Amino acid sequence: MMVLPIVLIGWLYVTLLMAATETSFIAGLLTFTLYGGIPCTLMLYFAGTKVRRQRALHREMLAAEQQREEEAATSRAVRFSTTDES
């Protein structure tokens, strides 16, 4: 995973130099965006898919655990209140 940022920085540098050699500012901006910005954004998005999936699973596990704890607390409270009334 440490290689990806180095490759992306290198690629952005190359596309920046390509954009600097264009004849107009608009052509340079389009070159940098289409050859540099969009591909790098897609690479970062696809590289982070696994991490996003793991975070979502972790949040689901925490929510399920919290729900079980709340259910256990309410059942203890119900048992306590029914034994208290007897």
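Count residues from 1 along the sequence. These numbers were taken from a predicted model, which means no experiment stands behind them.
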Do [X] and [Y] share a hydrophobic cluster, counting only Ile, Leu, Val, Met, Phe, Trp and Tyr and linking them when any side-chain heavy atoms are less than 4.5 Å apart?
X	Y	value
Val51	Leu57	no
Phe25	Leu30	yes
Leu4	Leu42	no

What's the shortest heavy-atom distance between Trp11 and Tyr35, and which atoms?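 Minimum heavy-atom separation between Trp11 and Tyr35: NE1-O, 2.6 Å.
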So which heavy atom on Ala19 is nearest to which on Gly28, and how close?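 Residues Ala19 and Gly28, closest heavy atoms: CB-O, 3.1 Å.
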With respect to Gln54, which candidate in Arg52, His58, Lys50 satisfies the side-chain contact (heavy atoms from CB on, under 4.5 Å) definition?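 Among the candidates, only Lys50 passes.
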Which of these passes side-chain contact (heavy atoms from CB on, under 4.5 Å) with Leu12: Leu16, Thr15, Ile9?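 Going through Leu16, Thr15, Ile9 one by one, the side-chain contact (heavy atoms from CB on, under 4.5 Å) with Leu12 is satisfied by Thr15 alone.
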CZ/Phe32 to CG/Leu17 distance, rounded to the nearest 0.5 angstrom?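 Atom-to-atom, Phe32:CZ and Leu17:CG are 10.5 Å apart.
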CD on Glu65 to CZ on Arg68, rounded to 0.5 Å: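 Between atom CZ of Arg68 and atom CD of Glu65 there are 6.0 Å.
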For atom CE of Met18, decide whether the heavy atoms of other residues, nucleotides or ligands shown that lie under 6.0 angstrom number more than 12.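 Correct, the count exceeds 12.
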